[in-house]
Amino acid sequence: MSSFIEAIENITPEIYENLKTAVELGKWSDGRKLTPEQKETCLGAMIAWEIRNLPEEQRTGYMGGQECASKSKNQPPIDTSLFAPASGTRH
């Protein structure tokens, strides 16, 4: 694990951008496809580098102060009788 941490500490902004582009496109700059393992490793390295070098709002996966749309709107209650079994059925 220490070699991964050491590698993260040696990533420059240019290397980070190259990793990011490779993950986004699914291939290296020379056209070779990333394997699933390479994609996973690159994404992990990107996220680890971002934690050390970018503010939270610029990091991969940042969602901000959003909340579920169903919580933010005043919606009428759901009519639960729609889910009740019909009379005379065996459900």
Side-chain angles (χ1 to χ4, degrees):
M1 185 65 163
S2 65
S3 62
F4 182 78
I5 294 169
E6 289 171 6
I8 300 307
E9 291 171 350
N10 291 317
I11 292 177
T12 64
E14 181 182 2
I15 292 171
Y16 165 78
E17 288 298 328
N18 290 337
L19 292 173
K20 186 175 177 182
T21 300
V23 169
E24 289 171 349
L25 299 178
K27 60 183 178 179
W28 297 110
S29 60
D30 65 3
R32 291 178 295 137
K33 287 183 127 186
L34 266 72
T35 66
E37 294 82 14
Q38 288 173 328
K39 190 177 280 190
E40 182 179 342
T41 302
C42 289
L43 191 54
M46 285 172 48
I47 291 169
W49 185 88
E50 290 171 357
I51 289 170
R52 292 175 172 252
N53 295 283
L54 295 178
E56 184 178 7
E57 63 274 2
Q58 293 179 11
R59 296 179 193 159
T60 298
Y62 177 73
M63 296 291 290
Q66 300 176 1
E67 64 178 45
C68 180
S70 63
K71 289 183 179 179
S72 62
K73 296 180 182 176
N74 290 332
Q75 296 179 343
I78 296 173
D79 181 5
T80 56
S81 67
L82 297 172
F83 306 109
S87 60
T89 64
R90 295 183 170 199
H91 299 290

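Computed over heavy atoms, backbone and side chain alike; hydrogens, waters and symmetry mates excluded.
Within the 3.5 Å criterion, the main-chain N or O of Y16 finds no donor-acceptor partner in the side chain of W49.
For the salt bridge (charged side-chain N to carboxylate O under 4.0 Å, His left out) condition, the pairs that include at least one residue of residues 40-61, sequence neighbours left out, are E9-R52. The salt bridge (charged side-chain N to carboxylate O under 4.0 Å, His left out) contacts involving residues 11-28 comprise nothing, where partners must be two or more places apart or lie in separate chains.
L34 and L25 fall into different hydrophobic clusters, where Ile, Leu, Val, Met, Phe, Trp and Tyr residues are linked whenever their side-chain heavy atoms come under 4.5 Å apart, directly or through other members. I47 and Y62 fall into different hydrophobic clusters, where Ile, Leu, Val, Met, Phe, Trp and Tyr residues are linked whenever their side-chain heavy atoms come under 4.5 Å apart, directly or through other members.
The side chain to side chain donor-acceptor pair (under 3.5 Å) search around D30 returns R32, not counting sequence neighbours. In this structure T41 satisfies the side chain to side chain donor-acceptor pair (under 3.5 Å) test with no other residue, sequence neighbours excluded. Considering only residues two or more places apart in sequence or on other chains, A48 meets the side chain to side chain contact (heavy atoms under 4.5 Å, CB included) condition with F4, I8. In this structure, S29 has no side chain to side chain contact (heavy atoms under 4.5 Å, CB included) partners at least two apart in sequence or on a different chain.
The shortest distance between side-chain heavy atoms of W28 and C42 falls below 4.5 Å.
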Requested in this report: Begin with the C-alpha distance, continue with both residues' side-chain angles, and end with the deciding distance and a verdict on side chain to side chain contact (heavy atoms under 4.5 Å, CB included) for L19 and V23.
Outcome: CA-CA 6 Å; L19 292 173; V23 169; 5.5 Å; no
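Taken from CG in N10 to CD1 in I15, the straight-line distance is 8.0 Å, to the nearest 0.5 Å.
Shortest non-hydrogen contact noted between I11 and A45 is CD1-CB, 4.1 Å.
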